[in-house]
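Just so it is clear, the structure is predicted and the values come from calculations on it, not from any experiment.
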Amino acid sequence: MKLLTGLVFCSLVLGVSSRGWFSFLGEAYDGARDMWRAYSDMREANYINSDKYFHARGNYDAAQRGPGGAWAAEVISLFSAELR
């Protein structure tokens, strides 16, 4: 868990160094919202084995936001995989 936290922190620092903090955090918030929207759509659809499609859609939408969104998608994916 400490290693994962360290990797997340390092990726955050590297992602922010190329852009401003506020734009990065805004993109990260919007990316997390895209991931949440995909999760909500998956729960509403309630189809067997549809989780991969909705997870991929959430990752794609979040990554389109920019470096902050891609970072948020990566972190959410890592933590969701760890919870399984």
Side-chain angles (χ1 to χ4, degrees):
M1 186 65 177
K2 290 180 183 179
L3 177 63
L4 181 63
T5 304
L7 290 173
V8 167
F9 180 73
C10 288
S11 67
L12 174 64
V13 170
L14 290 175
V16 172
S17 66
S18 64
R19 298 177 61 119
W21 278 97
F22 293 113
S23 65
F24 185 85
L25 292 176
E27 292 168 355
Y29 175 77
D30 291 337
R33 195 174 57 192
D34 289 335
M35 294 289 286
W36 180 256
R37 187 171 352 115
Y39 175 75
S40 298
D41 290 347
M42 179 187 70
R43 300 286 290 181
E44 185 179 329
N46 198 23
Y47 288 122
I48 296 174
N49 296 328
S50 66
D51 58 332
K52 291 180 183 178
Y53 165 76
F54 286 105
H55 188 80
R57 193 191 82 188
N59 279 335
Y60 175 80
D61 291 343
Q64 293 301 307
R65 300 281 182 181
W71 177 81
E74 182 179 346
V75 169
I76 292 170
S77 295
L78 285 174
F79 282 120
S80 67
E82 189 174 291
L83 293 176
R84 290 184 202 163

[X]: partners by side-chain contact (heavy atoms from CB on, under 4.5 Å), with sequence neighbours left out:
{"X": "S40", "value": "W36"}
{"X": "A28", "value": "W71, A72"}
{"X": "A56", "value": "none"}

Legend entry - Shortest non-hydrogen contact between E27 and G68, atoms and distance: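 Scanning both residues, the minimum pair turns out to be OE1-N, 3.0 Å.
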Inset, instruction - Locate the shortest heavy-atom distance separating A38 from F54; write the atom from each residue and the value. - result: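 Shortest heavy-atom separation between A38 and F54 comes out as CB-O, 3.3 Å.
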Inset, instruction - Enter the distance from R65:CZ to Y60:OH here, rounded to the nearest 0.5 Å. - result: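 R65 CZ to Y60 OH: 12.0 Å, rounded to 0.5 Å.
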Inset, instruction - Measure the shortest side-chain to side-chain distance between Y39 and M35 over non-hydrogen atoms and say whether it is less than 4.5 angstrom. - result: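 They are not in contact (no side-chain heavy atoms under 4.5 Å apart), so the answer is no.
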Legend entry - Partners passing side-chain hydrogen bond (donor to acceptor under 3.5 Å, both in side chains) against N59 (at least two apart in sequence or in another chain):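 Partners of N59 by the side-chain hydrogen bond (donor to acceptor under 3.5 Å, both in side chains) criterion, ordered by chain and then number, come out as H55, S77.
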Legend entry - salt bridge (Lys or Arg N to Asp or Glu O under 4.0 Å) contacts in which one or both residues fall within residues 35-46, not counting sequence neighbours: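 Passing the test, one end in residues 35-46: D34-R37, D41-R57.
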Legend entry - Hydrophobic cluster membership, Y53 vs M42, 4.5 Å side-chain cutoff: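 Y53 clusters together with M42.
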